[in-house]
Amino acid sequence: MKHKQKMSIGKRLFLLVVACAVVMAGMADPRDKQVSSPDGRISVSQAGEGLIINYNGQKVIDFPQLGLGTQAKSVDLQFVRRISADYQMLAGKRLHCTNEGNEYEAQLDKNTLLRLRIYNDGVAFRYELKGCNDTLPQELTAYRIAEGTKRWMQQWTDAYEGFFPMTTSARVQPVRSFGRPTVSAEGYNCRWGYPMLVEGENATAYALITEANIERRQSASCLYNDQQLEMFRVVPDENRLKVTDEWHSPWRVVIVGSLADVVQSTLVTDVSEPCRLTDTSWIHPGVVSWIYWAYNHGSNDLNIIKKYIDMAARLHLPYMLIDAEWDEMKDGKRIEDAIAYAKEQGVKPMIWYNSSVGWVDGAPGPKYKLNKPEDREREFAWCEQLGVAGVKIDFFSGDNQMNMDYCQDLLESAARHHLLVNFHGATIPRGWQRTYPNLLSTEGVYGAEWYNNVPTFTAVAASHNAMLPFTRNVIGPMDYTPCAFSDSQHPHITSNAHELALTVLFESGLQHLADKPESYFAQPEAVQQFLSQLPNVWDDTRFVCGYPGDYVVLARRSGQTWYVAGINGTDQPKTIALDWSFLTTGLGAMVFADSGNAKKPWSISNASSLPRKMECQPRGGFVMVVK
């Protein structure tokens, strides 16, 4: 009896504990629960009126407030479905892109829904509105980046042409040469462009903040920390449209993980609209010979144009770009003469246009050819009839809704006439490269063209180049115009092998080679053959090693051949250890490196086995072709 009585008491105590646990669970704040990616590495914790992103259990970044309107709303995420991305690209980091995610939603108020997706390499969320009444409400999203946190961020300009200096503070003086900065009351720059890279608390995880899938009736956004130093608010640019039906914001995107996860991510296109073109057979990425770097006004001179067409033919480059001022050719020549000569040489010509919404007064032409729909259709039909392969459109005026709609008008019209597109003086990629695959490149970068403008670039180019694979080039194609062995108006001090490596490190569906023909023809035959065979379509991209602004090594595969490129972003010699675990062992490679001899700068060799390390010169680099 005593034994039975004892068991009965034990049972009652157990039931009491269980009951208490159930009651406490029922009383727990539902906002304290976690939701996660399919692989479990990324989780999102609901905290107060915001969310915290964790990677392998460690906090990476948080956004303490969410919502639209005048007051942040509490968030109670509910699971909706498992989602997957599986699609083909025509250019980019890889041709076959896949990803998986879990989708959640939270009803913020009767008209506002927060849709959140947690992918295996990041988080994307957007706001969906019903019952809109004329003016779109203010967005309240903000990211908290604590002082002392390492971050790489770019002062906003309408053309996104600035540096990404590493800093641990938002107390940064504005750089007025990049445009008219927005300055806080304390005198610090307080408007920032995407992408922004942030190092997590334990330095093993990173967050890259950007946005994706700009559609019609939307403006792009940027970040302001004008109200609180550590709070970076998402602020959409001007949008004057009156919206009286349903509407949703672009996706706010945070790529999360190791540096390899960030560099290799395709999350920007994963959340963007699928291809809208029914026929893409005419879209062919390729390498381009480019006049402007050496001859700023060379495109009004048929003799100079012919030099670059001949260069493209000799190096087997498919394209040649005729830049600004072709509408004012010298000696009675016309653009039709240049196009005809290019076609005779088997080279596909591309031509430049002024968008005529940004820099117009005092700017080069041709102008006002594309603004009205009927003029645009007429001009692009003329290009198609002549045999022009693509257009470079320049000098836009920022991120407002008018510019975003105009860019999509241009892409759709160009596609109807089988024209490739390269946007310059324009906003950064936000996923249009998937939706409109005729958009093969976008500037939105402080690139080699700046050797024309100011002496600033010379001293910082190597570090900047080693930064871009971790920041700007993560989000889409980048028309940096690489690979110059000679000098423009201002000299460069990066090595020859460093310059050659940029053609592989920097992804762009139209890779414009900046240097003059005689400079390329002065290089060893092996270098000329390398440029002649340079792929512009990559089956895969792998991050090998590196650190932002310090050094970087990437591997890109074309068919059965890997192109491995590395650069040293510092002014000191650097030994770079290489991990070849992604390759079959026992392979050899052709190696392009620096000799250290100014008179004979190249060291070109065939290695019977893959080196375990590379010795890089200051601001040097290397390329290996591994078959």
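For the single chain, residues carry numbers from 1 onward in sequence order.
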Strictly by modelled atom types, are [X] and [Y] linked by a side-chain donor-acceptor pair under 3.5 Å?
X    : Y    : answer
S258 : Y55  : no
T435 : S272 : no
H96  : D540 : no
Y480 : N473 : no
T541 : R556 : yes
E147 : S169 : yes
N54  : S45  : yes
R252 : S249 : no
T141 : E139 : yes
Y188 : N225 : no

For the residue pair [X] and [Y], what are the closest heavy atoms and their distance?
X    : Y    : result
P181 : Q155 : CB-NE2, 3.6 Å
L140 : Q65  : O-NE2, 2.8 Å
E211 : I214 : OE2-CD1, 4.0 Å
L241 : R217 : CD1-CA, 3.5 Å
A555 : V564 : CB-CG2, 3.9 Å
A207 : V60  : CB-CG1, 3.7 Å

Report the relative orientation of the aromatic rings in [X] and [Y]; use parallel for angles under 30°, tilted for 30 to 60°, perpendicular for over 60°.
X    : Y    : answer
W152 : Y206 : tilted
F396 : F423 : perpendicular
F582 : W580 : tilted

- prompt: Salt bridge between E128 and R126, side-chain N to carboxylate O under 4.0 Å?
  reply: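 Salt bridge between E128 and R126, a charged N being under 4.0 Å from a carboxylate O: yes.
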query: Can we say R216 and E273 salt-bridge, meaning some charged N sits less than 4.0 Å from an Asp/Glu carboxylate O?
result: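 Judged by the 4.0 Å cut-off on N to carboxylate O distance, R216 and E273 do not form a salt bridge.
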**Request:** Kindly compute the distance separating OG (S43) from CD (Q58), expressed to the nearest 0.5 Å.
**Result:**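 Here the rounded value is 10.5 Å.
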Quick one: are [X] and [Y] in side-chain contact, heavy atoms under 4.5 Å?
X    : Y    : answer
I255 : D261 : no
M404 : Q218 : no
T269 : Y87  : yes

- Query: So, does T442 use its side chain to make a donor-acceptor pair with the main chain of G444 at under 3.5 Å?
  - Reply: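 Judged by distance alone, no pair lies under 3.5 Å.
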Please tell me whether W538 and Y563 form a close aromatic pair, meaning their ring centres lie under 6.0 Å apart.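 Ring-ring flag for W538/Y563: true, centres closer than 6.0 Å.
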| query | Quick one: does NZ or CZ of R472 land under 6.0 Å from the six-membered ring centre of Y160, within 45 degrees of the ring axis? | reply |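 No - R472 does not lie over the ring of Y160 by the 6.0 Å and 45° rule.
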